[in-house]
There are 2 protein chains.
Amino acid sequence: MIDIVNASDYMESVRSIEELVTVYRQLLSNLSDLYFALGRFDRFQKREHEIIDVNYPKEWVSYYTDRKYILEDPTVSQSAQTQTPYLWQEFRDLRPSQRVIFSDLSDFGVQDGYTIPLHAPDGMTFVASFAFRRPVVSAADRLAITALTTQFYFRYKRLLNPPSSRENVLSEREGECLCWAARGKSSWETGVILGITENTVNFHIKNALGKLQSNNRIEGVVRAICLGLISP
Amino acid sequence: MIDIVNASDYMESVRSIEELVTVYRQLLSNLSDLYFALGRFDRFQKREHEIIDVNYPKEWVSYYTDRKYILEDPTVSQSAQTQTPYLWQEFRDLRPSQRVIFSDLSDFGVQDGYTIPLHAPDGMTFVASFAFRRPVVSAADRLAITALTTQFYFRYKRLLNPPSSRENVLSEREGECLCWAARGKSSWETGVILGITENTVNFHIKNALGKLQSNNRIEGVVRAICLGLISP
DNA sequence: CGTAAACCTACCAGATCTAGTAGCTTCCAA
DNA sequence: TTGGAAGCTACTAGATCTGGTAGGTTTACG
């Protein structure tokens, strides 16, 4: 069993992502018969996804890669939409091409799995998947993994985007106006919210669009979100 | 001290939000000298925010409400942008109107606080704030609270939106039109790309906006991206 | 002190989007 | 086979946004 509070404390103290991953891997090694895979997706970034750490057997990883299973894997596609952890046995209406993945996995001894998707407001989705080579997974193990993994996520996110590092290309007003636009407000509504005229809101948004090299506010809002300048 | 795994298991078993809140409140009562407030913000909903549970003294709650502190409270405004838990002592550059809240709080014995913001991809932000009436908060307590609260959040979210409820499926054309809009194309340009008239593009986008419950295409695009229905 | 840069405020004409309406096709179940 | 639901195509009037112009304030610097 893992002492979650101690483990979390240990993870809090690390200074780099590499170190964090090492600590996490070591903590999980206390649980037997467990494969894990940590990855992330950045909806608004050029580089669409990144694998953070995996302890699946090499054969499975290359098998998975060769067959391009990532394109069909329901733990990947589901995680974009699912907002809470789920067991793989909860999957319904899988396509045949998706069932194949699980039947292949069972050849590697995997009997069930658990996935934790975590969504950041800047468009990053963090996905942690756990495959169990045992018939029954105790609630205790599942909950320990969840606690450990959310703690990992919080630390990972802080290391990735230090709270201070944020060069504001946009001026305060520009950011505000764009932010309200992203939330569906018209210029007139934003004007009321900010206590300025509709015309002035239009002026600020126009300047923001110039800085973001965007042709209209839709593109500008999407780009500003990409760059982490505003969150919707 | 709280046994997190047992506590989480206990929370998993509840059948309603009321029950969940009761259990959570009871679990937290093991920690002394602690005030908490749980709330949520729904960026894309009509009803913009809801208080889930609070155990602050009645006097403070009415004081806070009367003075409309929620409009200035940095634990509220910060949580929209911060993606990981933070201690109140980390606040920098507070406005005088915000400092007042903390100095008022200290009259109630509060010495430091801790806030956990959790963001769901559907626009909900869940905020849990904890105010401590003691000078030093142990890392153990903080981490236990974090583990407990994320577990609460997962259960809360599942009870709120059962996994099955999802009919936000855009038709093929709707998805295409919205996607080109997200890339900065006007209706006319999209029409040329798809080989249909500008009018038809407008029609599809209008229907997509209806399905996404959005007032204009900016909000619709942001929302569709957040829901993983399109990618820019 | 003067002045330039970076903001913020405001207005307007022409382009674009929103919301309502309508005909046509496909598909499925009564 | 008939009726209805869902989707695609298209049009129009009124609301909103885009891009140009202009003056005022603050800050930093020679």
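Please read these numbers as outputs of a predicted model, since none were measured by experiment. Only heavy atoms go into these numbers, but all of them, side chains included; no hydrogens, no water, no symmetry mates. Throughout, a chain's letter reflects where its sequence line sits, starting with A, and its residues are numbered from 1.
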Among D/dA10, D/dT18, D/dT16, which nucleotide has an atom closest to any side-chain atom of A/Ile205? D/dT18

Looking at D/dC8, I'd like to know if its phosphate oxygens (OP1 or OP2) sit under 4.0 Å from a side-chain N or O belonging to B/Thr200. no

C/dA15 C1' sits how many Å from B/Asn202 CG, rounded? 13 Å

Once you round it to whole Å, what is the distance between C1' of C/dC8 and CG of A/Leu178? 17 Å

Please tell me if A/Thr197 has a side-chain N or O lying less than 4.0 Å from either OP1 or OP2 of C/dA10. yes

Between B/Phe41 and B/Phe126, is there a side-chain heavy-atom distance shorter than 4.5 Å? no

In whole angstroms, how far is the P atom of D/dT9 from the CD atom of B/Glu174? 11 Å

So which one's nearest nucleotide on DNA chain D is more toward 5', A/Leu209 or B/Gly195? B/Gly195

Taking 4.0 angstrom as the limit, do B/Glu90 and A/Arg158 come out as a salt bridge? yes

How many Å lie between CD on A/Glu219 and P on D/dC17, as a whole number? 17 Å

Give me the ring orientation class for B/Phe152 and B/Tyr156: parallel if the planes are under 30° apart, tilted from 30 to 60°, perpendicular past 60°. parallel

Compare all side-chain heavy atoms of A/Arg183 with those of B/Ile218 and state whether any distance is below 4.5 angstrom. no

Measure from the side chain of A/Asn216, starting at C-beta and using heavy atoms only, and say which of D/dT16, D/dA10, D/dT18 lies closest. D/dT18

Would you say the side chains of B/Glu12 and B/Gln151 form a donor-acceptor pair under 3.5 Å? yes

Length of the line joining B/Glu198:CD and C/dC17:C1', which is rounded to integer Å: 9 Å

Between C1' of D/dT18 and CD of B/Glu189, the distance in whole Å: 13 Å

Nucleotide C/dA6, atom P - distance to CG of A/Asn207 in whole Å: 12 Å

Taking D/dG20, C/dC8, D/dT9 as options, the one with an atom nearest any side-chain atom of A/Lys206 is D/dG20

Minimum-distance nucleotide (side-chain atoms of A/His204 versus C/dA10, C/dT9, D/dT18): C/dT9

Taking for each residue the nucleotide of DNA chain D with the nearest heavy atom, is it A/Ser187 or A/Phe203 whose nucleotide lies nearer the 5' end? A/Ser187

For C/dC17, take OP1 and OP2 only and decide whether either is under 4.0 Å from a side-chain N or O of B/Arg217. yes

Please tell me which of A/Asn199 and B/Lys185 maps to the more 5' nucleotide of DNA chain C, matching each residue to the nucleotide holding its nearest heavy atom. A/Asn199

A/Leu212 CG to D/dT18 C1': how many Å, rounded? 15 Å

Of the options D/dT18, C/dT18, D/dC8, whose atoms approach the side-chain atoms of B/Glu172 most closely? D/dC8

Select one nucleotide: of D/dG7, D/dC11, C/dT9, the one nearest the side-chain heavy atoms of B/Lys211. D/dG7

Under 4.0 Å, counting only non-hydrogen atoms across every strand here, what does B/Ser171 touch: a base, just sugar-phosphate, or nothing? sugar-phosphate

Give me the atom names and distance for the closest heavy-atom approach of A/Ile230 to A/Ala182. CD1-CB, 4.1 Å

